[in-house]
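One-based numbering along the sequence shown.
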Amino acid sequence: MIFHKSNENGMLPPDMTNFGASLKKARESKGVSLDQIAAETRISTRFLSAIENEQFHLLPGGIFNRGFVRAYAETVGLNVTEVIAEYERLSEVRQSMDAPPEAGALQPKRSGRLYPVAAGLLVLVIVIFYLVTRH
């Protein structure tokens with residue numbers, strides 16, 4: 001089981017979990033190095049280290065992250081279902097904390113019509129220039 005501290009609303013600050021530390025502790029208790037896990041799972045030590053350090057932004061994303069966490073947990077003998085559930089909860093909390101504000105909330109909505117207007121004005125300037133200089 002992976003233990004963690006939570007605040008009043010049940011959300012975890014990203015720097016207050018021990019998800020990665022629990023994985024590392026399980027690995028070390030089996031006497032296995034990251035290189036050995038990498039060889040067995042065919043996952044880069046860089047990604048395994050990112051999981052242990054909870055630097056999920058360094059992982060490739062998508063379903064690969066879950067697969068990496070699953071393989072790591074299986075290799076060190078942890079309950080895969082619990083580890084995956086904890087990873088998903090933790091990554092969801094981090095995504096909601098890192099999410100940018102809604103599109104358009106801070107920036108005015110730009111119209112896609114600026115380019116045709118600029119092109120029309122350029123044509124108009126060229127025509128006027130031609131009419132003025134031809135005499």
Pair up each side-chain donor or acceptor in residues 45-52 with any protein partner under 3.5 Å, not counting sequence neighbours, and list the distances.
{"residue": "Ser49", "atom": "OG", "partner": "Asn53", "partner atom": "ND2", "Å": "3.2"}
{"residue": "Glu52", "atom": "OE1", "partner": "Arg27", "partner atom": "NH2", "Å": "3.4"}
{"residue": "Glu52", "atom": "OE2", "partner": "Arg27", "partner atom": "NE", "Å": "2.6"}
{"residue": "Glu52", "atom": "OE2", "partner": "Arg27", "partner atom": "NH2", "Å": "3.2"}
{"residue": "Glu52", "atom": "OE2", "partner": "Tyr72", "partner atom": "OH", "Å": "2.3"}

Report whether Leu90 and Phe64 are members of the same hydrophobic cluster (ILVMFWY, side-chain heavy atoms less than 4.5 Å apart, transitive linking). yes

For Phe56 and Tyr87, take the angle between the two ring planes, folded into 0 to 90°, and tell me which bin it lands in: parallel under 30, tilted 30 to 60, perpendicular over 60. perpendicular

Looking only at heavy atoms, what is the nearest atom pair of Ala38 and Ile43, with distance? CB-O, 3.0 Å

With a 3.5 Å distance limit and no angle check, can you tell me whether Glu88 reaches the backbone of Ala85 through a side-chain donor-acceptor pair? no

Hydrophobic cluster identity match, Ile128 and Val125, side-chain contacts under 4.5 Å: no

With distance as the sole test, does Lys30 use its side chain to make a donor-acceptor pair with the main-chain N or O of Thr75 at under 3.5 Å? yes

Smallest separation among heavy atoms of Phe19 and Val69, with atom names: CZ-CG1, 4.0 Å

Is Glu28 salt-bridged to Lys25, cutoff N-O under 4.0 Å? no

To the nearest 0.5 Å, atom CG of Leu121 lies from atom CD1 of Ile126 at 11.0 Å

4.5 Å side-chain heavy-atom contact, Asn65 and Pro60: yes

With heavy-atom distances below 4.5 Å as the criterion, would you say the side chains of Val76 and Val32 are in contact? no

To the closest 0.5 Å, what do you measure between CD (Glu86) and CG (Asn79)? 12.0 Å

Which distance, rounded to the nearest 0.5 Å, do you find between the CD of Glu54 and the OG of Ser91? 11.0 Å

